Amino acid sequence: MVDARLPDGSRVNAIIPPLALSGSTITIRKFPSDPMTVKDLLQFGTMTPAMMEFLKACVLGKLNIVVSGGTGSGKTTLLNVLSRSFPRQTAS
C-alpha cells in the first residue's frame with residue numbers, strides 16, 4: 001500500500017493484494033489550482049451567508065468545531081475555506 005503526493009499536490013493511493021481483497025486499486029485525487037473561496041460556497045448554494053457568519057463567529061470566538069461527513073463530501077474544502085477567510089491573529 002502506498003500513499004503519496006505528486007508534484008502538483010495531487011494525492012495518490014495504490015493498494016495491491018494481499019492487502020487489497022478485491023484486486024489492485026489506484027486512486028488519484030486532483031485539487032484545483034485556484035482554491036475555493038467563501039464566495040464560491042455561497043454561489044454554489046453550499047452554505048448561506050448566515051451559516052458563514054455563524055462559522056466566522058465560532059472561529060473568532062475560538063470555539064471547537066466538529067466537521068464530519070463521508071469521503072468527498074467537502075470537509076477539507078470547508079476547513080481550507082474557513083482557514084483562508086478570516087484574518088490571522090497572533091496567539092494570545
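This structure is a prediction, so every number in the text was calculated from the model and none was measured.
Summarising the geometry, atom CG belonging to D3 is positioned 8.5 Å from atom CZ belonging to R11; distances are rounded to the nearest 0.5 Å. Note that OG1 of T37 and CG of D40 are 3.5 Å apart. Values are rounded to the nearest 0.5 Å. Note that OG1 of T46 and CE of M36 are 7.0 Å apart. Values are rounded to the nearest 0.5 Å. Separation of atoms CZ (F31) and CZ (R29) is listed at 5.5 Å; rounding is to 0.5 Å. Atom CG of N13 and atom OG1 of T27 lie 4.5 Å apart (nearest 0.5 Å). Atoms CD and CE, from E53 and M47 in turn, are 11.0 Å apart once rounded to the nearest 0.5 Å.
Listed for the N80 side chain is no donor-acceptor partner under 3.5 Å among the backbone atoms of T77. Here the side chain of R84 pairs no donor or acceptor atom with the backbone of V38 at under 3.5 angstrom. Remark: the backbone N or O of G70 is paired with a side-chain donor or acceptor of K75 at under 3.5 angstrom.
The two residues I16 and S24 come nearest to each other via the heavy atoms CG2-OG, 3.5 Å. Closest approach of L41 and V81 over heavy atoms only: CD1-CG1, 3.8 Å. Residues I65 and C58 approach most closely at CD1-CB, 3.9 Å, considering heavy atoms.
Taking hydrophobic clusters as Ile, Leu, Val, Met, Phe, Trp and Tyr residues chained together by side-chain heavy-atom distances below 4.5 Å, L21 does not share a cluster with M1. Taking hydrophobic clusters as Ile, Leu, Val, Met, Phe, Trp and Tyr residues chained together by side-chain heavy-atom distances below 4.5 Å, V67 does not share a cluster with L63.
Applying the 4.5 Å side-chain rule to ILVMFWY residues, one finds L6, I26, I28 in the same cluster as V12.
Side-chain contact between L78 and L55 is present, with at least one heavy-atom pair separated by less than 4.5 Å.
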